[in-house]
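Beneath this line is the structure, given in structure tokens, with notes to follow.
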2 protein chains.
Amino acid sequence: MPKKAKQDVWGALADGTRREILLLLRSRPHTAGELADQFELTAATVSHHLAVLRECGLVLFERRAQTLIYSLDTEGFEEASAYLKLFARGRRK
Amino acid sequence: MPKKAKQDVWGALADGTRREILLLLRSRPHTAGELADQFELTAATVSHHLAVLRECGLVLFERRAQTLIYSLDTEGFEEASAYLKLFARGRRK
DNA sequence: ACTATATTTAGAAAAGAATCAAAATACGGA
DNA sequence: TCCGTATTTTGATTCTTTTCTAAATATAGT
């Protein structure tokens, strides 16, 4: 099995819940449970969103005992940022 | 009917064909037909993509005889740009 | 009015994504 | 090893998006 590619960065950013998760991670890392608590969604659903964010390099995670700690992976944003810069008014370079 | 809002800027940018259309428009305005010719899609499908881009303020259009001329509307990019800037490394402001 | 060209709209099929409940996995502690 | 907590995976359901063909609209020229 060639490993399903599925959603890219743009697909990941297309969902509002995922964009909110990223905003939350901007202040500090959060556990999966903390993130799930912020939304009116099941933990399973939030976990799915986190998987999408992981797969396209927008978040990193690390296990600490039973909990998984998620944090931003700023590299993943590069592609989208570079694209949008092409359309910025008064852009330099 | 309250007028279907449907796709927002993020949803619009999630599609690769639409992102390519925007890149094409960056060099100069194009007619719908010119744009359709650049893809292996029917004119109807490209027209639909253009409608999505219009609805969220990413492109403008103007009629010239039988043809519709599409061009970039840079304002529509602001929301997405502002969001992504929050995650830029070494961001200023 | 009729025809040709350019484009959009409508309707439907197919693929993709979001969500949930339930089952499965991972870890640490008694 | 068995239990409890944290989280993910699986499978099903539903909603949304992409795409097509066919029909409709707009415009200009004859």
Side-chain angles (χ1 to χ4, degrees), chain A residues 1-22 24-25 28-71 73 80, chain B residues 1-22 24-25 28-71 73 80:
Chain A
M1 268 179 202
K3 173 188 216 196
K4 52 191 166 187
K6 300 240 291 185
Q7 260 158 162
D8 59 358
V9 176
W10 292 106
L13 292 171
D15 184 88
T17 298
R18 286 195 289 264
R19 290 197 301 278
E20 279 200 60
I21 288 174
L22 293 172
L24 288 170
L25 293 181
R28 62 171 174 79
H30 286 65
T31 67
E34 285 174 331
L35 292 171
D37 290 346
Q38 304 297 312
F39 303 91
E40 303 206 321
L41 296 170
T42 63
T45 297
V46 174
S47 176
H48 160 257
H49 284 307
L50 290 170
V52 173
L53 293 172
R54 265 188 264 128
E55 279 158 25
C56 62
L58 289 169
V59 303
L60 294 168
F61 74 109
E62 168 196 355
R63 182 174 280 284
R64 191 94 122 225
Q66 302 100 315
T67 75
L68 293 185
I69 302 181
Y70 283 88
S71 54
D73 182 354
Chain B
M1 266 180 202
K3 174 190 208 178
K4 52 191 166 185
K6 301 239 290 185
Q7 259 157 163
D8 60 355
V9 177
W10 292 107
L13 292 172
D15 183 89
T17 298
R18 287 193 290 263
R19 290 196 303 278
E20 279 199 62
I21 288 173
L22 294 172
L24 288 170
L25 293 180
R28 62 172 174 79
H30 286 64
T31 67
E34 285 174 330
L35 292 171
D37 289 346
Q38 304 297 312
F39 303 92
E40 303 206 322
L41 296 170
T42 64
T45 297
V46 173
S47 175
H48 162 258
H49 284 308
L50 290 170
V52 173
L53 292 172
R54 264 188 264 130
E55 279 159 25
C56 63
L58 289 169
V59 304
L60 294 168
F61 72 108
E62 170 196 354
R63 181 174 281 282
R64 190 95 122 226
Q66 302 100 315
T67 75
L68 294 185
I69 302 181
Y70 283 88
S71 54
D73 183 355

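Closest of all the heavy-atom pairs between A/Val52 and A/Ala12 is CG1-CB, 3.9 Å. Between A/His30 and A/Leu24, the shortest heavy-atom contact is CE1-O, 3.1 Å.
For the pair A/Thr45 and C/dC20, the criterion of a side-chain N or O lying under 4.0 Å from OP1 or OP2 is met. Between A/Arg18 and C/dA18 there is a side-chain N or O to OP1 or OP2 distance below 4.0 Å. A close approach under 4.0 Å does occur between a side-chain nitrogen or oxygen of B/Arg63 and OP1 or OP2 of D/dT27. In this structure, B/Ser47 reaches the C/dT8 phosphate: one of its side-chain N or O atoms is under 4.0 Å from OP1 or OP2. Contact between the side-chain N/O atoms of A/Thr67 and the OP1/OP2 oxygens of D/dA6 is not found at any separation under 4.0 Å. OP1 or OP2 of C/dA18 sits under 4.0 Å from a side-chain N or O of A/Gln7. The side chain of B/Thr31 contributes no N or O atom lying less than 4.0 Å from OP1 or OP2 of C/dA6. Contact annotation: A/Tyr70 does not reach the phosphate of D/dA6 (side-chain N/O to OP1 or OP2, under 4.0 Å).
In this structure, CZ of A/Phe61 is placed 13 Å from C1' of C/dT25, rounded to the nearest angstrom. Taking atom CG of residue B/Leu50 and atom C1' of nucleotide C/dT9, one finds them 14 Å apart after rounding to whole Å. Atom CG of B/Leu35 is separated from atom P of C/dT8 by 9 Å (rounded to the nearest Å). Rounded to an integer number of Å, the gap from CD1 of B/Ile21 to P of C/dT7 is 13 Å. Protein atom CZ of B/Phe39 is 14 Å distant from nucleotide atom C1' of D/dT18, rounded to whole Å. When rounded to the nearest whole Å, the span between CD of B/Glu55 and C1' of D/dT17 equals 13 Å. Between the P atom of D/dA6 and the CG atom of A/Asp37 lies a distance of 10 Å, rounded to the nearest Å. Whole-Å rounding puts the B/Leu68 CG to D/dT27 P distance at 9 Å.
With respect to B/Leu58, the side chain to side chain contact (heavy atoms under 4.5 Å, CB included) criterion is satisfied by exactly one of B/Asp73, B/Ile21, B/Val9: B/Val9.
Using a 4.0 Å heavy-atom distance criterion, A/Ala44 is classed as a base contact. Heavy atoms of A/Ala43 sit under 4.0 angstrom from at least one base atom.
Checked against D/dT27, C/dT9, C/dT19, the side chain of B/Arg54 finds its nearest nucleotide in C/dT9. Distance from the side chain of A/Ala32 is smallest to D/dT7 among C/dT5, D/dC20, D/dT7. The A/His49 side chain lies nearest to C/dT19 when the options are C/dA17, C/dT19, C/dT8. For B/His48, taking side-chain heavy atoms from C-beta onward, the closest of the listed nucleotides D/dT18, C/dT8, D/dT5 is D/dT18. Candidate nucleotides D/dT8, D/dT19, D/dA6 were compared by shortest atom distance to the side chain of B/Asp15, and D/dT19 ranks first.
In the displayed structure, B/Glu40 atom CD is contacted under 6.0 Å by at most 12 heavy atoms of other residues, nucleotides or ligands. Other residues, nucleotides and ligands contribute only 12 or fewer heavy atoms inside 6.0 Å of the CZ atom of A/Arg64.
Residues A/Thr17 and B/Gln66 both approach DNA chain C. Their nearest nucleotides, taken by heavy-atom distance, put B/Gln66 toward the 5′ side.
Two residues are said to be in side-chain contact when any heavy atoms from C-beta on lie closer than 4.5 Å; B/Tyr70 and B/Leu35 meet this criterion.
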